Peer 1: 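Input: one structure, supplied below.
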Amino acid sequence: MSEPVSALRRARYAGFVTVEEAGLQGMVQIRGDLSSDAFTSAVSDAAGVPMPGLREASLDGRNGLLWMSPDELMLLCPYPEADRAMARLQATLSDTHHLALNVSDARAMFTLQGNGVRDVLAKLAPVDMAPDAFRPGMLRRTRLAQVAAAFWLRSDTQAEVICFRSVAPYMMELLSTAARPGSAVGLHGG
Amino acid sequence: MTRYSAFAIAREALRDHAGWDRAWRRATPKKRYDVVIVGAGGHGLATAYYLGKNFGITNVAVLEKGWLGGGNTGRNTTIIRSNYLQDPSAAIYEKARSLYETMSQDLNYNVMFSPRGVMMLAQTEHEVRGYKRTAHANSLQGVTTEFISPKRVKQLVPIMNIDGPRYPVLGALWQARGGTARHDAVAWGYARACSAMGMDIIQKCEVTGVMSEGGRVSGVATTQGDIACDKLGMVVAGHSGALAEMAGFRIPIESVALQALVSEPIKPCMDVVVMANTVHGYMSQSDKGEMVIGGGTDAFNNYTQRGSFHHIEETVRALVETFPMISRLKMLRQWGGIVDVTGDRSPILSRTPLEGCFINCGWGTGGFKAIPGSGWGFAELMARGHSPLTDAFSLDRFREGRFIDESVAAGVAH
Amino acid sequence: MLTLKCPYCGVQAEETELHAGGEAHLTRFGPDSSDDDFETYLFTRENPKGVHFERWRHSHGCGKWFHAARCTMTLEVFGTYPAQTTEPPQDIRDAITAKRPGWTWREFS
Amino acid sequence: MSMRLPTGGRLTDRSYRMEFTFNGKRMTGYAGDTLASALLANDQLLMGRSFKYHRPRGPVASGAEEPNALVNLGKGDRFEPNQRATTTELFNGLTATSQNHWPSLEADIGALNTHLSRVLPAGFYYKMFMYPRAFWKHVYEPFIRQSAGLGKAPDAESRDADSYEHFYHFTDVLVVGGGVAGLMAAKTAAQSGAKVLLLEQSAHWGGRAPVDGGTIGGQSPEDWTDATLAELQAMPNVTLRSRTMGAGVYDHGYALGYERLTDHAPEAPGPRHRLWRIRAKQIVTATGAIERPLSFAGNDIPGVMLASAMRDYLVNWGVSIGDRTVVVTNNDDAYRTAIALKKAGLDVPAIIDARSYGGGALMAEARAMGIRVEQGRGVAKVLGGKRVTGVAVCNQLGEGAVLDEIACDAVAMSGGWSPVVHLWSHCGGKLDWDEAGAFFRPRAGAAPTDADGKPFVSVAGAADGHMTLAGLLQDAAETGAAAATAAGFDAAQTVAPEAEEVAEKPLEPVWLMPQGARYDLRMKAWLDYQNDVKVSDVQLAAREGYESVEHTKRYTTLGMATDQGKLSNINGLATLSNALGESIPQVGTTTFRPPYTPISMGAIAGEAHGALFQPVRQTPIHAWHEENGAHWEPVGQWRRPYCYPKGEEDHAQAVIREVKAVRQSLGLLDASTLGKIIVKGPDAGRFLDMLYTNMMSTLKPGKCRYGLMCSENGFLIDDGVVARIDEDTFLCHTTTGGAESIHAHMEEWLQTEWWDWQVYTANVTEQFAQIAVVGPKARMLLEKLGGMNVSKEALPFMAWKDGTLGGFPVRVYRISFSGELSYEIATPAGHGRALWDLLCARGAEWNITPYGTEALHVLRAEKGFIMIGDETDGTVIPQDLGLNWAISKKKVDYLGKRAQAWPHMTDPARWKLVGLLTEDSSVLPEGAYAVADGTNANGQRNTQGRVTSTYFSPTLGRGIAMGLVLNGPDRMGEVIEFTHIEGFTVPARIVDPVFYDPEGEKQNV
């Protein structure tokens, strides 16, 4: 059988910010009772990172946990490990009401590189991207122009964006347009 | 009342236009009227006019809390069409459209009804089927419409991009005798005619209470004193719920904002009204040259007459895609109105739990085009107790599941 | 252009991230309910010029439904709260009373 | 003549010449010019024609309030009508043409109207053009439309060559207006540490102050501006944007900023406009004030200009409007213009001051310079046609008897100043009438309120009615500090720097000049220059009962021009109040609506055009469809192949081929867009029993069941196959359109009604590519791929199974929407394209044929399966469609059950689903209605049914249709008549809706 492919096979655009589809990324959608220690420790073990706080991204390289909603987390891991992580969770949580699904193929991930990452996102999302308002490690679920998305900063010059796979081409075009040379706003270190 | 004509103008020109009398008398309320209409918008004034014209009832007062024609009558995008799907809708809107044809002459006031044609674009297979169905229905309803080809669409509207990348135009439902009219003139013309029949149009007169005896309406309390009446008609778009509560009943209505905008005026470039429901926008060009633009309603209860700007963005986005040449035109002015929306998005013209009290409301975004038909039917309902034009629009349809649902064919119903 | 604070994720969300869901605290009536009750449940709506309790979903966000108490004349927001309640919580009512003394709400006042 | 003076022009760089053309004529200007100043420098005073009478028009102002100097700018894909010459920065190669005239600006036929003006008073068109009726559409209206409209319409096929974008910005304090008040307010606000965004609509900071003079803290306003600007630029919490207009203020602290990035430099890269969507805790509007014209006869003749504007052209651009300028005023400020002109060596024959008491120190200064000052006098009329030749002087208190005529070629007028209160008013700020200043000013304590019910807009400087330099600076300092405090910062109470300027005598309101002007003068005294509304028009409106200010505005079109009444509203209001004998506050103002000045549609649409207009959702197999010539059909935001035409095939032929291939051999469908929702939890079964009309809790793991969903008012909203994965997990298939809406529907009920039920849902639609392998050879193909036993026994109809096929991880559903043997194969999206390719390759021996949505529809119709959106339209209940078998009788409740008990829903006269066959095998028209005898009370033809789906059936070789018919199921075999667009009717026989394989043997093999 052939190797699975990501939505855009690492398409790349270099403007005043560099936009790149991040390729295959393991993602496990998890729903459960976030107030239960049993549940959170199981999730944290499976992910290999500490539990994120409210609207936070707890990251360690390709692994991580994203706070998605009061009863939902997204586990990040290398693509081939998603099923294993999911199985492991289902095993440990077999007798607690929860949901764990491999949704790695349902989404696309993008990385933004450059001084202007905050400005590029501020063109598209109704979010205060000022450095003191949105810091690395925070996560925001919102919309970028017309599609749902979540994003976080790994640093002041690197952002990651996830959206549904079917709108990956739109997202790529959108981010590239916002990063076009000559359109820098120069507000947040751009 | 001076008759309006080119001759009259020429005559007045010779005497510095000093001879024109008031278009409508200044009136103070009498103690009692046969009929009191609350709301001097198009619908209220038209109701009064046809009460007098068709039923000889002229002891009528029309009460207006602000200035006449100051509500949605003066805030809409003036589109007139009757290409509705369901029989009751087609009946009342076509009655209205046909009355618009002769309104200027009937009222001796030029309301500038312009039957320039109304086009509803089909941009998905589903819309094609929906509009073909409407054309079939219309053919049995006495409404003249046809489903036309993209080629014909382009001929009629050269500025349209019919093979847009996202939603190519697959055809359109075309009503050649639909069009627009000068909205203020409709209210002013009816007001002038009502006044000439001896009716009192009382502005700055707000109703503060509804009086009744033994389950029957007996009058209204107003900021200009109590006024007795045998029959009461409530025609107050945007405030129907509040007024109904004064009369002791509730209605299935929510009030939301509807916005519109105009561009700066340019020389004529579009002779028809175009509605694009897939992308939610519609546009026509006024006689003044402005592109008159509207879209969908806001989603939450709102009495501010201000909408949210993102709806303007969505509408303009849709129209720039449909008519790329407007991209470098400028938005001159945006505004909002309050529209009453019912459970099935169709209006209510009905008796009420209070004997002698009638209500006309819930026109949502489509009230202007209905004004004469609504007035005609509502006058008949008030005078006779029922009217074939209004029977299906009664309040009890909501407890029997007898909805009149137009969303089947029309997305935005302007 | 409204902003409402999502009581679940704490985001001060703007209208374009939200989905309006109409009047809050409706009681569902199912089979065997009276015509009156059923009509009221489906169609009769508070449409006040003033304090309105309404449903919103943080659709471009955490996806949760919540309730808001808002004035339809000024768009002032008195508070937002989770949807898992059949009537406005006391603290919300107190907040409203503080700003709109003597306000009433048909079902619960 | 108007000309460039040898020296002067603080904004122009005489070392940099620029070339441009006006009406094809080559002209030159300097860097820093506006188009207006450059045209004036070339003695091009005549710039346009008015709307109604086509009167010759020159600029009357120097900024955003200009109603006259509107031009067509640029050409081709950069053409833009109605561009204000006064706010258009000159650039090399600019091309402009004048508007609204034929054949030429100088000789305009339309100007005849001006001679007819007596018979074209306000609202004349409401009183004529009515007879004969037919003439309106064919004669009158075309004439009116042609003569109306201002700028040329862009070419029908033009495509904007520029791009646009949006930008979200959050700030503590937004200050609108970069004049000295705005700078002052921004400074005091910023000193508190608050984040401040300061917007200036023009390219220059400092506003009017540098032109008007005086000193601030011992410095000239210009130096003070530069110094303060430098301070602000040095503060990290301050953002400054010039060429950015505060366009509108909206609820909850939302404001629009309209940034013009390349209008002054069209060749520069990047977007042309950027629309700032600003969310501010506090908004300070420091938008200044606008000078008012005076209403005297001939006040619209080119060469008559606002005194402040004339001063601007002189000081900012070194341009004189005329050699001999008469100044007409009711206040001291206009004397500054006279003095400036005189100092520039120009002649000022007289200053006509309507005030009997005259002016103060400035008047003395003027007199000292030898300028003749006439007190208590007014202008009876301006002499001249296409430009001023003189003024006739009269007593202001008289009726216009001429005392003296003064030759001049320019008139500078000043009727006082009006604060710019637009932004304050957009969101409901109230106004008070200021008797002393004769203007509306923001009412203290009546500001717009935000989400917390607290005021969020405040006004600083002249916009707040503070007309002295010292006063406005102090006000701005305090307002800025107060805004910061309100935004939650600790602002030190700042004292503004000392400011000095000459003291002024109070103005005297003058609404008509002379006070008792005769009709022939009043009908030449303009209020609205662009729309040609005169004093006599407003008086006529009042006489005819159009007493509300809104009535007058709409009846006369006063203030409805592209300047939105910036110059005319107050004068018109005063004229109306005098006519009504009411006070100005009694009459009130019209509503201020955004935007402050017009903003481009392109900016409003932002990036959303072309490819970004709306997202196009793509399945993992999208590219294959594209490569193989799919004809696309938009379905929601998806695009699905409608069919795959080959060679010369038209769509109909392609569909026939695809259908036949499926029936006879093997078809392939990309079903990835179908919704897939996981429902999991101890209460999942109970939950689905409420959602679906049929019983789902009894479904066995490993099995599938077709289900229907209804809304609470009983109507069918979605359908699909539900698979039970394990004891507490279900996978619900929805329609393509239903994936998001049904998932939201589920979450809504779980969160807001049954929140105590233990159920989680997840929309996994996009996790899988789903491919339907359909047709008699389907099983053989899957067996050829290998990896899973797909025999009838191992995988019976309506069962599903996990495993691998051809090495791909798959879940196979044995379900059919075509009536054929059919497997729907779900594989992770990342494998989708590869699996599709493999199926195509291995299926070649059976001529495997990918088919589109239309073939899908035909196949299901042949089988009598309903389609949501065809058989349903939001008014249809399952019972109408003969789906009672899918409605559980056992369940006490499900969504829609109560509504289905409504009298209207149980009415036996509801139309019911049947099949329809024409007598001649033709295809029934789409959407046709079945006619019945007679008409209803409204004279509409009675009906007894309608067509819901109609196709040519390749399998049966004839037209087939489904429809809803009155008592249909009881009328089998009966023939009824259907409408045809050509007018005749088409007979069709009522039959069973299942046209193909009624026993369902084929899908069961």
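Quick note on labels: first sequence line is chain A, next is B, and so on, each numbered from 1. Everything numeric in this text was worked out from a predicted model, so none of it was measured.
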Peer 1: Could you please spell out the steps behind the side chain to side chain contact (heavy atoms under 4.5 Å, CB included) verdict for His97(A) and Tyr760(D)?
Peer 2: CA-CA 9 Å; His97(A) 171 45; Tyr760(D) 288 125; 3.3 Å; yes

Peer 1: Sub-3.5 Å donor-acceptor pair from the side chain of Gln146(A) to the main-chain atoms of Phe613(D), do we have one?
Peer 2: yes

Peer 1: Counting only heavy atoms closer than 4.5 Å, note whether Leu101(A) contacts chain D via side chain, backbone, both or neither.
Peer 2: side chain

Peer 1: Is any NZ, NE, NH1 or NH2 atom of the basic residue among Glu165(D) and Lys123(A) found under 4.0 Å from an Asp or Glu carboxylate oxygen of the other?
Peer 2: yes

Peer 1: Is any side-chain heavy atom of His98(A) less than 4.5 Å from a side-chain heavy atom of Lys680(D)?
Peer 2: yes

Peer 1: Non-hydrogen atoms of chain A under 4.5 Å away: do they reach the side chain of Thr619(D), the backbone, both or neither?
Peer 2: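 No part of Thr619(D) comes within 4.5 Å of chain A.
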
Peer 1: Give the C-alpha distance, both sets of side-chain angles, the deciding distance and a yes or no for side-chain hydrogen bond (donor to acceptor under 3.5 Å, both in side chains) between Gln618(D) and Ser166(A).
Peer 2: CA-CA 5 Å; Gln618(D) 304 187 1; Ser166(A) 66; over 6 Å; no

Peer 1: Rounded to the nearest 0.5 Å, how far does CG of Leu99(A) lie from OG1 of Thr729(D)?
Peer 2: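 It comes to 8.0 Å.
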
Peer 1: Side-chain contact, heavy-atom cut-off 4.5 Å: Tyr168(D) with Val127(A)?
Peer 2: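 Heavy-atom side-chain distance check fails, nothing below 4.5 Å.
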
Peer 1: Could you grab the distance from atom CZ of Arg617(D) to atom CZ of Arg165(A), nearest 0.5 Å is fine?
Peer 2: 13.0 Å

Peer 1: What part of Glu259(D) lies closer than 4.5 angstrom to a heavy atom of chain A: side chain, backbone, both or neither?
Peer 2: neither

Peer 1: Checking heavy atoms, do the side chain of Asp132(A), its backbone, both or neither come under 4.5 Å from chain D?
Peer 2: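 Side chain only.
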
Peer 1: Going by an N to O cut-off under 4.0 Å, is there a salt bridge joining Glu747(D) and Arg31(A)?
Peer 2: yes

Peer 1: Measuring from Gln637(D):CD to Tyr170(A):OH, what's the distance to the nearest 0.5 Å?
Peer 2: 8.5 Å

Peer 1: Would a 4.5 Å heavy-atom cut-off, applied to side chains only, mark Pro269(D) and Arg180(A) as touching?
Peer 2: no

Peer 1: Any idea which of Val616(D), Thr761(D), Asp728(D), Leu838(D) has the most non-hydrogen atom pairs under 4.5 angstrom with chain A?
Peer 2: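 Option with the top pair count is Thr761(D).
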
Peer 1: On a heavy-atom basis, which atom in Phe167(D) and which in Ala122(A) lie closest, and how many Å separate them?
Peer 2: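 Scanning both residues completely, I find the closest heavy atoms to be CE1-CB, 3.5 Å.
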
Peer 1: So which of Ala834(D), Pro620(D), Pro271(D) has the largest heavy-atom pair count under 4.5 angstrom toward chain A?
Peer 2: Pro271(D)

Peer 1: Can you tell if the side chain of Asp128(A) reaches within under 4.5 Å of the side chain of Lys195(D), non-hydrogen atoms only?
Peer 2: yes

Peer 1: Where does Pro169(A) contact chain D at under 4.5 Å (heavy atoms): side chain, backbone, both or neither?
Peer 2: side chain

Peer 1: Do His169(D) and Leu187(A) pass the side chain to side chain contact (heavy atoms under 4.5 Å, CB included) test, and can you show the C-alpha distance, the side-chain angles, and the key distance before you say yes or no?
Peer 2: CA-CA 9 Å; His169(D) 185 72; Leu187(A) 209 68; 3.1 Å; yes

Peer 1: Which of the residues Arg241(D), His166(D), Gln758(D) is involved in the greatest number of heavy-atom pairs with chain A at under 4.5 angstrom?
Peer 2: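 Looking at each option in turn, the highest pair count goes to Gln758(D).
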
Peer 1: Can you tell which of Val103(A), Val167(A), Val147(A) has the highest number of heavy-atom pairs within less than 4.5 Å of chain D?
Peer 2: Val103(A)

Peer 1: Tell me, out of Leu612(D), Val759(D), Leu261(D), who's got the most heavy-atom pairs with chain A below 4.5 Å.
Peer 2: Leu612(D)

Peer 1: Distance alone, cut at 3.5 Å: any donor-acceptor contact between the side chains of Thr177(A) and Glu607(D)?
Peer 2: no

Peer 1: Against chain D, label Ala125(A) side chain, backbone, both or neither, depending on which of its atoms sit under 4.5 Å from a heavy atom there.
Peer 2: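 For Ala125(A), the backbone is the part near chain D, not the side chain.
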
Peer 1: Give, as side chain, backbone, both or neither, the part of Glu173(A) having an atom under 4.5 angstrom from any heavy atom of chain D.
Peer 2: both

Peer 1: Measure the shortest side-chain to side-chain distance between Gln767(D) and Asn102(A) over non-hydrogen atoms and say whether it is less than 4.5 angstrom.
Peer 2: yes

Peer 1: Checking Arg274(D) side chain against Ser183(A) main chain: does a donor-acceptor pair fall under 3.5 Å?
Peer 2: yes

Peer 1: Does Arg833(D) reach the side chain of Val5(A), with side-chain heavy atoms less than 4.5 Å apart?
Peer 2: no

